[in-house]
Amino acid sequence: MIWQSTLPLIIVLSAMVSGILILRVNEHANKLRTSLNIFGALLCVTLVVIMLVGVYQGEVFETRFTLLPNMDLVLKADALSLLFVSLSAVLWFFTTIYAIGYLEESANRSRFFGFFGFCVSATMGVALAGNLITFLIFYELLTLVTYPLVMHKGNAASMRAGRTYLIYTMIGGAVLLAGVVWLKSIAGPLDFDATGVLEQMPNINENNLRIIFVLLIAGLGVKAALIPLHGWLPVAMAAPAPVSALLHAVAVVKAGVFGIVRVVYDVYGIEFSRELGLTLGLAIIAAATIIYASVRAIAQNDLKKRLAYSTVSQVSYIALGTAIAGPIATIGGIVHLVHQGLMKITMFFCAGNLAETLGINKISDLNGAGRRMPVTMTAFSFAALGMIGLPPAAGFVSKWYLGVGAIEVDAYWIIAVLAISSLLNAIYFLPILYAAWFLPAKSQWPNGESPKAKPKGFFEAHWMLILPPAVTALLALLAGVFAGSSLSPLYWAKFVAAREYGSEFVLVAQQTALLQPALWWSVLLPLLASAALAIRWIRQRCLILLPLAAAPVLLTSLLLEPSGTNTLSELFFGSIMSMDDTNKIFLILAALVWFAAGLYSVGYMKDKANKVQYCLFFLLAMCGNFGLILAQDLFGFITFFTLMSLSSYGLVIHTADDAARKAAKTYVQWVVIGEVILFAGLTGLAYSSGAISEAASSTTQAYWVTLFLVAGFGVKLGLIPFHVWLPRAHPAAPVPASALLSGVMVKAGLIGWVRFLPLGDTAISSIGTGLIYLGFSGTFLAALVGLLQKNAKSVLAYSTISQMGIVIAGVGVGLKYPELWPAVLPALVLFAFHHGIVKATLFLCVDFIPSLAAKRNLRILAVICVMVPVFAIIGLPFSSGAIAKSALKGSFNELAMLPTLLLLSTVGTSLLMLRFLDVLWNSATDVQHAKLDIWRCVSFALLFVSSVVFIYVLPESRLFWLKEFSFSTLVLPLLPLILAVLLYLIIRKTRLQHYEIPAGDIVVLLEDVSARIKVATAKLGHHKNASNVKKYSLGKTYVKIKAYIISIESENSGTHPGAVLLGFIFVVTVVAYLN
Amino acid sequence: MDDITALLPAFILLPLAVSVCCLLVNNIRVCVAISIISAAALLILSASTLLAINTYEAGILRYAFAGWGQPLGIELEVSGFTALMTALTCLLVFVLSVYSSVYFSSSDKALRFWPLWWLLIAGLNALFLSSDIFNIYVAFELIGLAAVALIAIENSRPALIAALRYLLVSLLGSLCYLLAVALLYREYGTLDLAQLANITSDSASSTAALMLITVGLCLKTALFPLHFWLPAAHGGASAPVSAVLSALVVKGSFYLIARFWLDTLAPAASDAGLIILGVFGAGAILWGSVHALFASRLKVMVAYSTVAQIGYLFLLFPLMVGNSQTNAFEGAAMGAITYLIVAHATAKSAMFLAAGNIMRIAGHDNIKQLKGLVRHCPLSIFTFGIAGASLIGLPPSAGFIAKWLLLSNSITTGQWWWVIVILSGGLLAAAYVFKFLNLAFTKDDDTFNKANIVSKISPIMPLCALALALLTVVLGFNAQWLLDVSGTLVYETTGQGFTGQNLAGVAQ
Amino acid sequence: MILSQLTPEIMYSASGIALFGIGLLGLIIVPHIFRKILAINVMGVGVFMLLVSSAKRANLDADPVPHAMVLTGIVVAVAGTALALFLVKKIQDSESLEKSQ
Amino acid sequence: MFKKIVFKEDASNEPEKGRLSTPMALLCGSLVLALCTLLVAALISTQRHNEGLQQAVSSMLNKSGVENPVTAVLLNFRSYDTLLEIAVLLIVAIVMLPQATVSESHSLIRVQQSANAGIIMSSLLRFLTPTLIIMGGYMLWTGAYSPGGAFQAGALIAGAGILIFTNVQYQVNMHSFAFRVLLSIGLCIFILSGFAVALQTGQFLEYPVKYASSIILFIETAATVSIATTLLLLYLAVAGTQEDFNHDT
C-alpha cells in the first residue's frame, strides 16, 4: 500500500512544506499566514491520527530509501516514535495558536513561522527515525532550524543565546557524529530494534562499545541538557516565549533525551547496556543533573530562567528512567517524555502570558497575579503541582513509575533522588504559586498597568494566548487522572516497555466491576460543585453548595450496605472504590462533619470576604476526603489524600492575616515533606505488593517501607515530632474549617495506616514499640504544652494531638501484637469516630458558645452545649468517649501498662479541657460576637446531637455499652476529672499559668536557630547583592538560595525553611541508613 | 552508444566556438542568448554522457583526436569519475551563466567576460577529459590564463595584483608540471596517461617527476602552505568567477594530483608521501578555517573556507594507503572525496553567489558593516546558511554525506586521528558560518540598514544561488546514485575485516 | 664512472635543469616584478632545453614530439609573459592614476 | 614568495624593499641547488628504455600530408594541442583588447595624413615591411618541409605590423569588427576545418590523406594571421604607443 510506505515521509514533509510556504508569504499578509499555519498544524495532527489508527489496526508504516550502500534513510512508526510524534503534533498545534497570538504585530513573522514549521518537521523526523543515521540527520537539522528561532529577536541577548546554543549543539553534534560513524563502521546499518541490535553482533570489542556509548551520550546529552552540558538552555531563554515552550517541551531537549532512549533501548539494548555497566553511569549523571538543576532553579529570580533550570532537572527524569534499566522505570521515563512536555509547555505559555500582558519577568513581581490572570495562573498552578509530582497530575505518574522501577532493580538511592528533587521542586515552585495567589499586588504591574484596572477584553489576554495553556494544562491533568485509559500516554509507554521487555507488564488488572455508582457520585459531587463555581449565578450563592454537596454523601453512607466495589480502569491506574465496614464508619463521620461544617459555614462566612475561594477549597478538600476514604487503590488514595491536603492549604490561609500565612507556610511545608516520605513508602509498597497499581498491604513489606509509611501518614496524624504544623494550622483556619481539620482530616493518616500497614499480619515489634512510646509521649506532652496555650483553638489543637497519641499507640499495639489487631481495629475506629464528631463540635463551640452566651437567657444552654462535648472527650460515663475508651481498654487489656496509661491520659485530657473552658470563658466574656443565625444553630445542633447519640447507632459500639451500673463504672471514671480539677486549680495559683509556649513548639525553636543563621549570614555580607551576582558557582548559589529564602521571609515574616531543611536531612539520613 | 563518444569533443569545442562567437558579435544580449543555449546543450550532453558511461563494459570511453590514437595522437578519456566532473562543470556553468547574464548585464565587463568565460570552461573540460599529459599542460595554461583574465576584468588594483600573483603561481606550477612531463617522456617515451600507468616504475626519475607534479599542482590547488595566493584571488574576483574558481578550477589540479599519485605514478608513490599529503591537508583544514574565522571580508572568508575544504580533499591520500583496488578511482575513500568535490562545488558556488548578491546590495563585503543585513536580502542569507550547513557537514546535505564517508573511512582504516581533524574542521566551519549569520541577524545596533543599500538586484541572482544551495541538499539524498555513476562505489562488507581489536592496535 | 655517464645528452639536460633552478631562485628571491617574469621565462627555457635534449636518442633521428611540445610551450610562455606584463602595466597605470588624484 | 612584489621600475632607489634577507636567500639558494642536484641525479640514474615516438612519427609521416615531422606533429598528430594553444593566445588577446568605446568605427586601419613620420622610420618601413611579409609567407609555406610554420611566420608578420603601427601615420582600429575577426580567425578556421573533415572521416581533425597538406596549409595560414595579429596586439598593448589605447585605460 502506498500509504504505508509514504505516510511517515508525508508527515515530515507536511510541516516542512507549510514552513516553506509561510516563509514566502508576504510579511503583511496576516490572514494568509495564519490560515496556512493553522492548516499546516491541523494537517499534521490529522495525519498523525491516521497513522495512529493504522498502527492500532496492525499496519506497519515505513518509508525507506537508500542513502548510501548499507545506509538507509528510514522513517518508521513504532510505538516509541508514535508517542513522540503525537506529542509533537499536538503541542505544535497549540504552540502555533499561541505563537500567532503572541507575535501579533511583531516583525519578521513569516520568517519565524517558516522556521517554526521546519523545526517541527525536524522533530517529526527525529521521532520517526528508524535508524541511528536517520536520527542523526534530523537531529542535526533540528539544530540548524532552531537557530533562527532562538535569535529571532535579534537583540544582544538573543545573539548571545544563539551563539551559546550553537557552540554547545555543534560540538555535541560533532561528538555524536563521531560516535555514530564509529558504531556504524562496526555494526552496520543500526536500524532501531526493540531489543537492541548490538548484542547479537559477534566479535565486538566491548571497550569500544563503551567508548562509543560515552560519545553518543555526550553528544545527545548536550541537547538533553545533562550536566555539565546544560549551559545553553538557560541562556536560550532570550528567545520568544513560544520558542522557549517548543524548545523545552518538545523539540530540542526532547530530541536529545529521545535519542538517549533510542540509543539505550533500541541500539544497545537495555540488557546489554546493563551488562556493559553503562546504565549506572548514565543514572548517576541524570541524578546529579536532577538535583543540581533544581538547586540552581531555586536561585533564579527570572521566571523563565527558573523554568529553564526546572526543564534541565525534569528532562533528566527521562534519562534516569532509561538508565534505571527496569521495565517499570522504563515506563516512567518514557511517559515522562509526554508528561513533562505537556506541563512545561503550559508553564512557558503562562510565563509568556505574564510577560506579554503585565510585563512580569521576575518572580518578585508576581504578587497577586493570580487575581488579575486567573486562567493563566490556574493553568500554571496545575502544571507546577504536576511538576512537583503531586497526584493525580501527570508528573506524579512518572515519578511513581520511576520510583517503583528503581526499587525493582534495588536502586534505592534513586528514591532519595526523587524525594529530594520533589522537595526542591516544591521549594522553587510553591513560592511562585503563593505569591501569585495569596499576596496582594504591588502598586502597579511592571508594565505600568494598575492592578485595579480591568482587563481590556473579555478574557484576561488575547484568547489565543489563553486557550493553549488552558488546554495543555488540562491535558496534563487528564493524562494523570486517566492514566489507566487506553488513550493515555501511560498506556503507550507500557506498550513501548512491553516491546522492550516482553508483554507481561502491560496487562492492566481487569477486575469485575460491581457498579456502585453512588460511591462515585459521592466523590464527584463536590468536584462538580466546585466546577459549578465558574458560573456567576452560582458564585453569588456559593455557600449553600457546601452542605448540598455533602448531604447526598451522608445519605449514601448511611443507607448503603458495605458491599461491592467500583472499578474504573481508565481512571488513574485502574481505580477501585469500595465500601467495607471500616470505611463505612469513616465515611459516615466524614459526611456528617462535612455536612455540619458546610451548614455552619453558610452562617459563619456570610459576611466574610473571599467566599468563593473558601468554597472552592472547601469543596475540593471535601472531594479529597471522601475519595481517600473510599479509594482502594494506591494511586487513588494518594491522589485524594493530596487533593485534600493541598486544598486545606487554602482553608488554613483563608483569613490571610500574618498568623494565617505563617500557619499556612508551616502547613504546606509539612504536607510536602509528608508527601515525599509517603511517595517513597508507597512506591516501595507498590513494588513489594507485586502490582504497581493495586493496594494490598502485603505481608512481605520491607522494613523501610513500613517506616516510611508510618512517618508519612504520621505527619497527618500529628505523630510527634511531626506534629508541629498542627497547632499552628488548625487554629488559623476559619472555625468550620478548623472543625474539619481536627475532626476528620487528621483521621486520613489513620486510614492510611489501617489500609497500608501490615497490621494483623506481621509483627514489626520495633516500630510498634516506637509508636506506642511516641503515641503516649504525644498524649502527655501535648497535654502539657496545651495547658500553656492562650488561645482556645490552640488548646483544642493540642488536645487533638493528645488524643491522636492514643490512636497512634493503638496502632503501635497492632503492629507489635498482630494477634490483637482484630480487637484493636474496631476500637480505634470507634475512638476516631467519637473524637471526630466531638472535636468538631468543640471547635464549633469556639465560635458558637460565645454567641450563644451573649444572650443572657441562653447562658445555661451555652454551658450545657459546651459541657457535653467536653465530658465526652474526657470520657465520662454514657458519653461516646466512655464507649470508645472502654473499647480501647478492652482491646488493650492483655497489655500491662497500657490501660493505666490510658487512664492517666484522661487526667491530661481533663486538664486540657479545663484550660479550654477557662480560655473560652474569658474570650466569651471579652469579645463581642456575631449574632446567631439559623444555619449555625442547626449545624451545631446536628453535631451536638450526633456527638451524644450517634455512637449508639453504630452496631460496633454495642459491645461496649455501659451494661452494668456500679461504682467502678460510674464513679471511678470521674476520679481523673476530679484529680484534674484539683491540679488545674493549683496551676492557676502558681506562676505557671503566665508562661506560654507558642503554638508549634519545636518549630519555634528551629525558627529561632535559623534566624540566628540568617543574622550570621547577613553579617558575612554576602546576601546584600546576592540577587545581582551572576557567577555560577555552587558556593554562591548556596548563598543566593539563602538570601532568597531570607528575602521571602523578610517580606512575609513567614515561616522558615529550617523545618524543610530538617525534613530534608531526615529523609536523606533515613535513606542513607537504609542503604 | 557510439554517438555519445563521437560527441565528446563537443565538450571542448563547443565552448571554444561559443567564445569566438561572443567575441565576434560584441553584443551583450546575443552573447547571453548564445551562452545560455550552449550551456543548456552542454548540460544535456554531459548528463547523457554521465548516464551512458556505466553501460559500457569498462566504464570508460575514449576518443582519438584526428584518428591517430595514442601514443602518437591525443585521446580523450571519460571514466565515471571524469564524466561526473564534467557533468558538475556543465551544471555549474549553466547556473553560473544564468547568474552572470544578470550579474554583468549592465556592465562593459560583460563583453570581455563571456569569451573568457567560455575559454575557461573549454579548459576545464579539456583538463578533465584529457588523457595526455602534455595536453593537460596546455589545458592548465588555458585554465590558468583564462582565470587570471577573468579576475583581471574586475579592474581594481587589488584584483589586478591578485590576478598577477595568481598568474605567477600558475605559471610556476605549470612549469614544474612541464618539467615533470619532460622527465616522464624522457623516461617512458609516451605521453598517454593510461599507457604510462601500465609501464611506470619506481625509478628515481619517476619519483622526481611525481614530486615536481605534486609541488606544481599543489601550488595550483592551493594546498596549505602553498595557498597564499588564493584568498586574494578568489576573494577579489567577481562572484561567478570566484564561484567557478573555487568550485571547479582548484578541483582540476587536485584531480590530477590524485590521478598521478594513485594511478599513473602509483609505483613511485610511497605510503609516507601519501600520509604527508594528508598531514598538509589536515593543516589546511585547520589553518584555512581559523583564518576564515578571523577574516574581515565576507568573500575572503569564503575563500579561506575553500582553503580548508581543499584540505579535506587531501585526506584522500592517507586513506588510500594500502588500498587494494585495482582501479585507482574506486574505493570508499575515493567515493568520499568524489562526494566532497561535488558537495563543495555546489555549496561553495552558492556561497560565492550569495556573497556576490550581498556585495551588490551593500556595495562592499566588510563583515562588521553588515549587521542586520537579513532584512534586506533574506534569500541570500538563507542561501548562505544552507550552503554553510553543507560546508560544516550538517545533514541533510551533500556535505554531510561526504563527511560521513570520510569519517567512516578514517575509522575503518583505523586512522582515527583524522576523525578529530575532520570534526574540528566542521566545528570551525560552523564558527565562521554562524559568525556571519549571527551578525546578519542582529537587529539592535545594526550597521546596515535601508540607507546603506547601494543597488537593487534582479531576483534571478538570489534564485540562482538558492538553486545551487538546494542542490547540495538534494544531493544529500542521492548519495548512492552519485557514487554509482561516478564508478567509485565499492560495496563494503559490514563488520568484517575490521574489528575493534585492530582499531585498538592502531590506537596503541 | 660518473664521467662515463656524462653523455652530451645528460650535459644538456643538466644545463636545462640548472636553468630551471636559476629561474626558480630568481623568482623566489628577486622582488622586482619584471625580473620575476624574466625568471619564469628562464625556467621555461630550462624545461624546453631538457625536452629538446631528450629528443635525441642514440642512433636515431631526433624525436619530433618534444620539438613540437617546445614550440607549443613557447607560444604558451609568450602568452603568459604578455599577460603578466600587461597586468603589471595596468597596475602601474592605476598606481600613477591614484597618485595623480 | 610573492608577498612583496615591486611594481615600480625605479626599484633601485629602495634596494631593500621586498628583497629577501640574505640568510633566507641563502637558504632558498641551497634548497634550489639541492633540488637541481636531485633532479640531475635522477636523470643520470634513469635508464631510457624507450625510443620515444620517433618511430611512430616517421612511420606515419607519409599519411600526415607534410614532410616536416615537427609540423606533422603540431598540425596533424597532435593538432588538438595546437588548437588549444591558439585558444590560449586568444585569451591574452581578449584581455588586451581595449574597452569598447561608444563611437565604434568600422575601418580596420586609420591613416592620419597630417602626422609626419620620421624619415628613417618611413624609409625603413618601405623596405622592411614587404620583406618581412614575404619572409613570413615563406616560413609558412616551408613549414611543411623543413623547420618553420605558423608561429614563426606569425612572428615575422607581427614584426612587420609593429613597424607599421609604431609609426603614427597608421593606426590599427582595435574596436573594429575586422580586427576581432583577425584575432579569432585562426581558432575559427581550425574548429571549422576540424568539423568539416570530421564529416568526411568521422573523427574530429582527421584529415583525408589526400587533402591533408592543403588543409594544413589552410589552417596554418589562418593561424598565422591570428598569431600575427595577437602578437601585434600584445606589443601595442604592453608598449602602449597607440593613443586610443592609453585613453581607454
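Just so we're on the same page: letters track the sequence lines, and every chain starts at 1. This one's a predicted model, so the numbers in the text were calculated from it and none came from an experiment. Atoms considered below: every heavy atom in the structure, side chains included; atoms not considered: hydrogens, waters and symmetry mates.
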Would Tyr137(B) and Thr72(C) satisfy side chain to side chain contact (heavy atoms under 4.5 Å, CB included), going step by step from the backbone distance to the final call? CA-CA 10 Å; Tyr137(B) 165 72; Thr72(C) 309; over 6 Å; no

Under the side chain to side chain contact (heavy atoms under 4.5 Å, CB included) rule, what do Ser53(C) and Arg186(B) come out as? Steps first, then yes or no, please. CA-CA 9 Å; Ser53(C) 70; Arg186(B) 182 176 172 277; 5.9 Å; no

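Of the candidates Leu24(C), Ile40(C), Asn41(C), Leu27(C), Ile40(C) is the only one forming a side-chain contact (heavy atoms from CB on, under 4.5 Å) with Leu175(B).
For the pair Met43(C)/Leu179(B), no side-chain contact is recorded, criterion being any heavy-atom separation below 4.5 Å from C-beta on. In this structure, the side chains of Phe48(C) and Leu178(B) come closer than 4.5 Å at one or more pairs of heavy atoms. No side-chain heavy atom of Leu160(B) sits under 4.5 Å from any side-chain heavy atom of Val88(C). Between Ile37(C) and Leu171(B) there is no side-chain heavy-atom pair separated by less than 4.5 Å. At a threshold of 4.5 Å between non-hydrogen side-chain atoms, the residues Val181(B) and Leu51(C) do not count as touching.
No part of Ala77(C) comes within reach of chain B, as not one of its non-hydrogen atoms sits under 4.5 angstrom from that chain. Only the side chain of Leu167(B) has a heavy atom closer than 4.5 Å to any heavy atom of chain C. Interface remark: Leu72(B) contributes no atoms to any contact with chain C (heavy atom separation under 4.5 Å).
Checked against side-chain contact (heavy atoms from CB on, under 4.5 Å), Val78(C) has the following partners two or more places apart in sequence or in another chain: Ile74(C), Phe151(D), Leu231(D), Leu234(D).
Here Ile161(B) contributes atom CD1 and Ser94(C) contributes atom OG; the two are 7.0 Å apart, rounded to the nearest 0.5 Å. To the nearest 0.5 Å, atom NZ of residue Lys36(C) and atom CG of residue Leu172(B) are 10.0 Å apart.
Nearest approach of Leu164(B) to Ala84(C), heavy atoms of both residues: CD1-O, 3.8 Å. Listed here is the closest heavy atom pair of Gly73(C) and Phe134(B): N-CZ, 4.4 Å. Annotation for Val148(B) and Leu87(C): closest pair CG1-CD1, 3.6 Å, computed over non-hydrogen atoms.
Within 6.0 Å of OH in Tyr63(B) there are more than 12 heavy atoms belonging to other residues, nucleotides or ligands.
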